[in-house]
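If you read the sequence from its start, that first residue is 1, and numbering goes on from there.
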Amino acid sequence: MIKQLRHKTRTSQYASNSSLTLTLNPPHHSQRQILNHPARFKIAACGRRWGKTELGKIAIIRAAVQQNHRCWWLAPTKAMTDQIWRDIKDSLKHLPGAKLSETERRIDLANGGMIAVRSAFSPDNLRGEGLDFAVLDEAAFMNPRAWNEVIRPMLVTTRGRALFLSTPNGRNWFWDLFRIGLDPEENEWASFHFPTSANDRIDEEELKSIRRITPDHIWRAEYEAAFISADNGVFRAIDQAAAPAPYNQPQPGHAYIAGIDWGRSSDYTAIAVIDAANGKMVALDRFKDASWNLQRRRLANIVKRWRPQIVWAEANSIGEPNIEALNQAGLPVRPFYTTAKSKAPLIESLSLAIERNEITLLDDPVLLAELADYSLDRLPNGGYRYGAPPGRHDDTVIATALAWYGARFTGPHIAFA
């Protein structure tokens, strides 16, 4: 049987005819508050890198090893279970009598304890016997049926416990549970809220550095663990950033950057020009159903008028042959390859600039409407998907973001007109 389990800063013992160390990181102060609380159901809304996964590992290993409990770890997708399975397996596989099943992602211990790692992606596939303890990791991104229809009934006969860990994802079912835990009349429930800064092992200067380059809505949700309302718009203070065109021709000593998002029949082509000297948007052209030759001529006319030092053009698929033709014609066009990885910083840079009044937008109704519509959806893996709602367009948004990208990141290195 297990006599005791301590953290690696001391020494952990497995008592039988032998002893060994279970390597668990010692909890920091705010993690200990949750671990030591007596509530049956605990809901922890915490910021990125606060230590949610580490807290869950400590809790589930304690339950299985010290209390002989049958435990499940759940995450929104199978991919999100991969690392935790490796970590738990590495911690427990050498315990005498432990039986490990890679197929089921399950470890049965000699004392009767058990840990299984499961994906909650398809709740109908989650069926089993009674449980003593469950950890629901990134619970806000799970289908609520996994808790309501599967896990909660499995805790009935054992009067089992559950630990919900997540960064908030708006005010969904995780928010509903969080509010239950705030009610002093709900004796079995307790809620905890910790921003990333509550992890005293994270350098304060590192967080300040992240804050400087992070849009407010992402900072609040990801690092302050705020339950933001269902509005998932990316751009704030759009109307305050809009103004009439400041002038209709290049100004002496100013450098200009353009961005272009290509379209053909279903999408529009949009071209935006920004003054890199002061962040003012000076021109916007938008059109559709034009041949590639006509589109290149319209861009050439804008280049002739504003003399941008660089034109950043989306290069994906249809963009590359156009960029090649424009380069051959002597236009200063550079490719921007839009991927899930490159799109996020592109959009977030523009969002941050609007919030901080670093850019002045043209008071163009199409541009302002597209910015207002533009949204992000949080994915189960923790990433984001940016884009326009179905049936709407984002061409002027992308063109403006590309022009701002050039003005912000290449402006200081270019020659002035």
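Using a cut-off of 4.0 Å between Lys/Arg side-chain N and Asp/Glu carboxylate O, R392 and D394 are scored as not salt-bridged. Using a 4.0 Å cut-off between charged nitrogen and carboxylate oxygen, K280 and D275 do not count as a salt-bridge pair. A salt bridge links D285 with R298: the closest approach of a Lys/Arg side-chain nitrogen to an acidic carboxylate oxygen falls below 4.0 angstrom. Taking a cutoff of 4.0 Å between a charged side-chain nitrogen and a carboxylate oxygen, D82 and R105 qualify as a salt bridge. Salt-bridge annotation for R48 and E222: present, with a side-chain N of the basic residue lying under 4.0 Å from a carboxylate O of the acidic one.
Because its NZ or CZ atom is both nearer than 6.0 Å to the ring centre of Y268 and within 45° of the ring axis, K288 counts as a cation-pi partner of that residue.
The aromatic rings of W175 and F227 are tilted relative to each other, their planes meeting at an angle between 30° and 60°. Using the six-membered ring where Trp is involved, W189 and F41 have ring planes that are tilted, between 30° and 60° apart.
With hydrogens and angles disregarded, a donor-acceptor distance shorter than 3.5 Å links the side chain of D132 to the backbone of R70. A donor-acceptor pair under 3.5 Å is formed between the side chain of E370 and the backbone N or O of D395. Q31 contributes a side-chain N or O that, together with a main-chain N or O of G51, makes up a donor-acceptor pair within less than 3.5 Å. Not a single donor-acceptor pair under 3.5 Å links the side chain of T167 to the backbone N or O of G47. Using modelled atom types, one side-chain atom of N327 and one backbone atom of L331 make a donor-acceptor pair closer than 3.5 Å. Using a distance-only test at 3.5 Å, with no hydrogens or angles considered, no donor-acceptor pair links the side chain of R62 to the main chain of V65.
Between D87 atom CG and K57 atom NZ the span is 3.5 Å, to the nearest 0.5 Å. The CD atom of E186 sits 10.0 Å away from atom OG of S191, with the distance rounded to the nearest 0.5 Å.
Of all heavy-atom pairs between A140 and N172, the closest is O-ND2, 2.8 Å. Closest approach of P246 and V282 over heavy atoms only: CG-CG1, 4.0 Å. Closest of all the heavy-atom pairs between A407 and I274 is CB-CG2, 4.0 Å. Shortest non-hydrogen contact noted between P332 and V303 is CD-CG1, 4.4 Å. Nearest heavy-atom pair across P195 and E224 is CB-CA, 4.0 Å. Across all non-hydrogen atoms, the minimal contact from G263 to W292 is O-CZ3, 3.5 Å.
Ring centers of W147 and F164: under 6.0 Å apart, within the cut-off. For H69 and F133, the ring centers sit 6.0 Å or farther from each other.
Dense packing is recorded around CZ of R145, with more than 12 heavy atoms of other residues, nucleotides or ligands lying under 6.0 Å away. By the neighbour-count criterion of 12 heavy atoms within 6.0 Å, atom CD of E102 is densely surrounded, having more than that number from other residues, nucleotides or ligands. Summarising the local packing, CZ of F121 is surrounded by 12 or fewer heavy atoms from other residues, nucleotides or ligands at distances under 6.0 Å.
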